[in-house]
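What you see is a predicted model, and the numbers here were worked out from it, not measured in a lab.
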Amino acid sequence: MRTWASQHARCLGGTLGRFARQPLGSLFNILVIGVALCLPVALYVVIVNLQSVSGQLAPEPQISAFMALDASRAEIGQIENRLKQSARVQRYRYVPRDQALQEFKQSSGLSDVIESLGQNPLPDAFIVSAEDNSPAALEALRDEIAQWPRVVHAQLDAAWARRLDATLRFGRLLVLAVGGLLALALVAVTFNTIRLQVLTRRDEVEVVKLIGATDAFIRRPFLYYGALQGAAGGIVAWLLVTGSVWLINQSLGELSHVYASLFHLKPLPALDTAALIALPAALGWFGAWLSVSRHLQRIEPA
């Protein structure tokens, strides 16, 4: 076990030395990989943040029934009784106008403007969930509620939420497609880089084969090189995306002071960061393995 560990340690040290001896070429390869990985990672960060926002919103279709501003408690009670007795209503929630005003202050960022108003402009409202969420049934229930006395407007609120959810699904597919293409590109870049190294060290490989070295022993430094190059590209991508998120949050912080609304992009969590480094390392290892295995078959001692 100690011999195995020392062999891998020497191999790793030799690979790091090869990076140091070719700093410019290694740096450009790593930057190419890092910049290429930035696109799907940045899209993923945007989608994760949009999901965190949309997760706070109701995913099911809802009907908002707005009462007249001068509706009395008795009239509001009559509407509540109708909702209780309706077989097409699954559940409902009453939102008093004072509560609606407070929620609007918190979500709109216009608290200063709202406080300058002489009176509360928002009406009492009921948020209604239907038993049947088909478009026809929802529209029929909305039209029925709109005809009830002292209900000035009934609105179906779910269309935009469905569009947002569809957009997020498309975004996830786009991330997978772009990520898959760039994964192939990473394997191709590593394959070509290792191919050039194998051809450059052809004489050395032939000598090592003559003294009885196995293919696994010969492959090992090249595999380390591919894996380290991929991992370094993942680190560069993480640095670029994290730096971009930080810069954007600085601008969002200035907007927060103007609009009194707190929102900021969340960077990649620790698990996703580990995956961002491990996956390119695995792809680099795979590309190096393909390249070395192909060219070792063509190199035989004279």
Side-chain angles (χ1 to χ4, degrees), residues 46-171 252 254-266:
V46 171
I47 290 173
V48 167
N49 281 273
L50 287 176
Q51 283 179 326
S52 66
V53 173
S54 64
Q56 303 171 3
L57 307 173
E60 64 178 356
Q62 292 181 326
I63 297 171
S64 299
F66 300 101
M67 303 294 297
L69 287 175
D70 59 347
S72 65
R73 290 291 180 185
E75 291 169 335
I76 293 173
Q78 291 175 1
I79 298 299
E80 187 169 6
N81 288 333
R82 286 196 177 205
L83 291 172
K84 286 180 180 178
Q85 296 170 5
S86 176
R88 294 195 286 182
V89 174
Q90 183 184 60
R91 61 181 178 274
Y92 67 90
R93 178 169 63 93
Y94 172 59
V95 182
R97 56 189 306 188
D98 292 337
Q99 178 184 337
L101 184 65
Q102 291 301 319
E103 293 177 355
F104 185 67
K105 281 182 181 180
Q106 295 174 3
S107 62
S108 67
L110 301 174
S111 56
D112 295 337
V113 176
I114 294 173
E115 289 174 358
S116 66
L117 298 176
Q119 60 182 358
N120 184 355
L122 299 180
D124 297 302
F126 289 93
I127 309 300
V128 182
S129 297
E131 287 284 354
D132 185 354
N133 286 332
S134 64
L138 287 169
E139 290 174 3
L141 180 58
R142 178 198 60 190
D143 294 341
E144 178 188 345
I145 294 175
Q147 300 300 319
W148 292 353
R150 308 300 287 166
V151 174
V152 295
H153 182 62
Q155 177 179 316
L156 185 57
D157 300 330
W160 66 271
R162 287 196 293 268
R163 287 194 293 268
L164 176 60
D165 184 64
T167 302
L168 291 176
R169 287 199 302 270
F170 173 77
L252 289 176
E254 296 175 2
L255 289 175
S256 297
H257 290 295
V258 176
Y259 291 102
S261 177
L262 295 177
F263 175 76
H264 67 279
L265 292 175
K266 296 179 182 178

Trace of the side-chain contact (heavy atoms from CB on, under 4.5 Å) decision for Asp98 with Leu122: CA-CA 8 Å; Asp98 292 337; Leu122 299 180; over 6 Å; no

Measure the spacing between [atom1] of [X] and [atom2] of [Y] and express it to the nearest 0.5 Å.
X	Y	atom1	atom2	result
Gln62	Gln90	CD	CD	10.0 Å
Ile47	Arg169	CD1	CZ	12.5 Å
Arg91	Ser129	CZ	OG	4.0 Å
Gln78	Arg150	CD	CZ	10.5 Å
Tyr94	Ile127	OH	CD1	11.5 Å

Backbone of Pro96 reached by a side-chain donor or acceptor of Asp124 within 3.5 Å: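 A pair under 3.5 Å: no.
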
Look only at the side chain of Glu75 and the backbone of Ser72, and say whether a donor-acceptor pair between them is shorter than 3.5 Å. yes

Ignoring hydrogens, what is the shortest heavy-atom contact between [X] and [Y]? Give both atom names and the distance.
X	Y	answer
Ala130	Leu138	CB-CD2, 3.7 Å
Ala65	Val151	CB-CG1, 4.4 Å
Pro149	Ile79	O-CD1, 3.4 Å
Asp143	Gln147	O-CG, 3.2 Å

Would a 4.5 Å heavy-atom cut-off, applied to side chains only, mark Phe126 and Val95 as touching?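 Sidechains of Val95 and Phe126: no contact.
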
Any heavy-atom pair between the side chains of Arg82 and Trp148 that's under 4.5 Å? yes

Apply the test side-chain contact (heavy atoms from CB on, under 4.5 Å) to residues Leu69 and Arg97: give CA-CA distance (whole Å), side-chain angles for both, the deciding distance (0.1 Å), then the verdict. CA-CA 9 Å; Leu69 287 175; Arg97 56 189 306 188; 3.9 Å; yes

Would you call the rings of His153 and Phe66 parallel, tilted or perpendicular, where under 30° means parallel and over 60° means perpendicular? parallel

Test Val152 against Met67 for side-chain contact (heavy atoms from CB on, under 4.5 Å), laying out the working first. CA-CA 6 Å; Val152 295; Met67 303 294 297; over 6 Å; no

Of all residues at least two apart in sequence or in a different chain, which pass the side-chain contact (heavy atoms from CB on, under 4.5 Å) check with Arg142?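 Residues passing side-chain contact (heavy atoms from CB on, under 4.5 Å) with Arg142: Ile63, Glu139, Ala154, Leu156.
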
